[in-house]
Number of protein chains: 2
Amino acid sequence: MDELDAEIIRLLQTDARQSNRELARRLGVAPSTCLERVRSLTRRGVIRGYHADVDLAALNRGVQALVSIQVRPLSRPVIVRFKEEVSVLPEVLSAFVLAGGDDFVLHVAVQDLDRLHAFLLDELSKRKEIAGFRTSVIFQSTRNPVVGRLPETAGAASAPD
Amino acid sequence: MDELDAEIIRLLQTDARQSNRELARRLGVAPSTCLERVRSLTRRGVIRGYHADVDLAALNRGVQALVSIQVRPLSRPVIVRFKEEVSVLPEVLSAFVLAGGDDFVLHVAVQDLDRLHAFLLDELSKRKEIAGFRTSVIFQSTRNPVVGRLPETAGAASAPD
DNA sequence: ACTGAAAATCTACGCTC
DNA sequence: GAGCGTAGATTTTCAGT
């Protein structure tokens with residue numbers, strides 16, 4: 001993971017469909033070199049795939065929400081099963097298993113508030129393992145297009161207290 | 001947005017780097033037709049871009065958390081400014097502006113728990129507009145690779161009560 | 001929406017450092 | 001081992017239909 005790899009990752013996060021040639025030009029290396037680097041990153045699992053970013057509103061999924069959920073009993077089989085079942089629901093964009101007050105957070109996207117309500121009632125309320133949940137409608141969301149290495153925070157690495 | 005468009009979107013969400021030719025083959029249309037469809041979807045803003053999916057652990061960002069935040073006063077300038085400033089922090093993957101008990105949720109990824117603690121203390125605690133926040137470490141997260149049209153929920157559209 | 005052909009790109013392989 | 005240049009295969013792209 002040298003500087004060149006980091007730059008490749010940055011550029012492919014910005015635009016995954018640019019040609020290998022273009023990528024090589026921006027990096028100042030030969031296309032064949034660039035190709036080998038990208039393959040290596042893919043082989044090593046650093047690059048996991050390439051995905052189109054789609055406008056949710058255009059898919060009639062303009063209403064998003066975060067749903068915080070507590071499940072009981074808080075046992076491994078219940079958590080594993082709940083996570084698996086809920087992850088595949090079409091309304092769910094992503095699911096988080098958490099430490100702390102809430103056990104799960106679901107990021108959901110649906111057509112409108114009626115559908116959100118229906119989802120909560122039909123998919124969540126009926127589940128016996130759910131001890132409670134709280135829904136927050138999302139007004140806005142922003143996503144950082146590029147995930148890079150973090151800058152070293154001065155002192156944190158070398159001088160723990 | 002006919003069936004062909006929907007299928008293109010599905011395939012490009014799964015693998016954004018497959019060739020136009022491959023895409024066309026899977027759809028059973030000519031490459032030129034497929035290309036024009038993809039361009040149209042891009043022009044209309046349905047496809048917003050293509051991004052590489054990178055393993056956060058490989059970038060030394062293996063620790064993720066959701067941070068729920070309340071800000072005061074809850075006025076437009078405070079919200080807008082907070083959102084803009086926080087969105088560009090390198091630790092922040094995405095930021096949500098919410099309705100409900102919490103005003104913001106930040107999805108953050110950092111190297112380790114020390115860095116998470118440092119982020120909370122150095123970036124959040126010092127902000128005067130923050131009235132309180134709660135941090136939940138993420139044990140696991142799953143993401144739905146394909147966002148599609150939602151199935152019609154029987155009765156919901158045609159027979160509201 | 002398809003066909004065909006020209007331009008651009010991809011990528012395997014042998015070479016140099 | 002890592003990067004480069006080249007050449008043959010593949011793909012993109014845009015007429016014309």
Side-chain angles (χ1 to χ4, degrees), chain A residues 1-61 145-152, chain B residues 1-62 111 145-152:
Chain A
M1 275 294 292
D2 59 7
E3 194 51 46
L4 194 56
D5 283 339
E7 189 67 2
I8 287 173
I9 286 168
R10 195 181 70 75
L11 289 169
L12 285 179
Q13 281 184 92
T14 306
D15 176 10
R17 278 208 87 144
Q18 62 191 301
S19 70
N20 180 61
R21 203 180 170 73
E22 175 72 4
L23 204 54
R25 195 188 59 74
R26 288 182 206 231
L27 295 168
V29 299
S32 52
T33 302
C34 187
L35 184 65
E36 179 47 33
R37 288 291 193 129
V38 172
R39 280 189 179 156
S40 172
L41 286 167
T42 305
R43 255 197 321 271
R44 288 184 279 154
V46 179
I47 295 175
R48 307 211 287 197
Y50 306 93
H51 306 288
D53 173 20
V54 176
D55 181 23
L56 288 173
L59 292 176
N60 278 317
R61 315 256 312 235
V146 174
V147 180
R149 270 239 168 84
L150 286 184
E152 289 292 322
Chain B
M1 276 295 292
D2 59 7
E3 195 51 47
L4 194 57
D5 283 338
E7 190 66 2
I8 287 174
I9 287 169
R10 195 181 70 75
L11 289 169
L12 285 179
Q13 281 184 93
T14 305
D15 177 11
R17 274 201 85 126
Q18 61 192 302
S19 71
N20 180 62
R21 198 182 171 74
E22 175 72 5
L23 206 53
R25 195 189 58 75
R26 288 181 204 235
L27 295 167
V29 299
S32 54
T33 303
C34 187
L35 183 65
E36 179 46 34
R37 289 292 193 129
V38 172
R39 282 186 177 159
S40 172
L41 286 166
T42 304
R43 255 197 321 271
R44 288 185 280 154
V46 179
I47 295 175
R48 307 211 286 197
Y50 307 93
H51 306 289
D53 174 19
V54 176
D55 181 25
L56 287 174
L59 293 176
N60 279 315
R61 316 258 309 238
Q111 183 167 138
V146 174
V147 181
R149 270 236 167 88
L150 287 184
E152 290 291 323

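Every heavy atom of this structure was used, including side-chain atoms; hydrogens, water molecules and symmetry mates were not. A note on names: the letters A, B, ... follow the listed sequences, proteins ahead of strands, and every chain is numbered from 1.
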Taken to the nearest whole Å, CG/A:Leu35 to P/D:dT10 is 16 Å
* Is B:Asp5 salt-bridged to B:Arg44, going by a charged N under 4.0 Å from an acidic O? -> yes
Notebook entry, point to check: Got a donor-acceptor contact below 3.5 angstrom from the B:Asp53 side chain to the A:Gly49 backbone?
Noted result: no
ask   = Using a cut-off of less than 4.0 Å, is there contact between a side-chain N or O of A:Arg37 and OP1 or OP2 of D:dA2?
value = no
Protein-nucleic acid N or O pairs under 3.5 Å, nucleotides 4-6 of chain D:
residue: D:dC4; atom: OP2; partner: A:Ala30; partner atom: N; Å: 3.0
residue: D:dC4; atom: OP2; partner: A:Thr33; partner atom: OG1; Å: 2.6
residue: D:dG5; atom: N7; partner: A:Ser32; partner atom: OG; Å: 3.4
residue: D:dG5; atom: O6; partner: A:Ser32; partner atom: OG; Å: 3.0

A:Gln18 CD to C:dA8 P, in whole Å, measures 19 Å
Atom CZ of A:Arg25 and atom P of C:dC10 are separated, to the nearest Å, by 13 Å
Discussion item. Looking at A:Arg39, I'd like to know whether one of its side-chain N or O atoms comes within less than 4.0 Å of OP1 or OP2 on C:dA12.
Written reply: yes
Separation of D:dT12 atom C1' from B:Arg17 atom CZ, nearest Å, is 14 Å
* When you measure from the side chain of A:Ser40 to the backbone N and O of A:Glu36, does any donor-acceptor pair fall under 3.5 Å? -> no
Separation of C:dC2 atom P from B:Arg21 atom CZ, nearest Å, is 14 Å
Practice problem: Using modelled atom types only, decide if a donor and an acceptor are shared between the side chain of B:Gln13 and the backbone of B:Val147 within a distance under 3.5 Å. | Solution: yes
note: A:Ile8, atom CD1; D:dG3, atom C1'; distance rounded to Å ~ 12 Å
note: A:Glu22, atom CD; D:dT12, atom C1'; distance rounded to Å ~ 15 Å
dist A:Leu4:CG -> A:Leu27:CG (nearest 0.5 Å) comes out at 5.5 Å
A:Asn20 CG to C:dA8 P, in whole Å, measures 17 Å
Original post:
Is there a donor-acceptor contact under 3.5 Å from the side chain of A:Arg149 to the main chain of B:Arg61?
Top reply: no
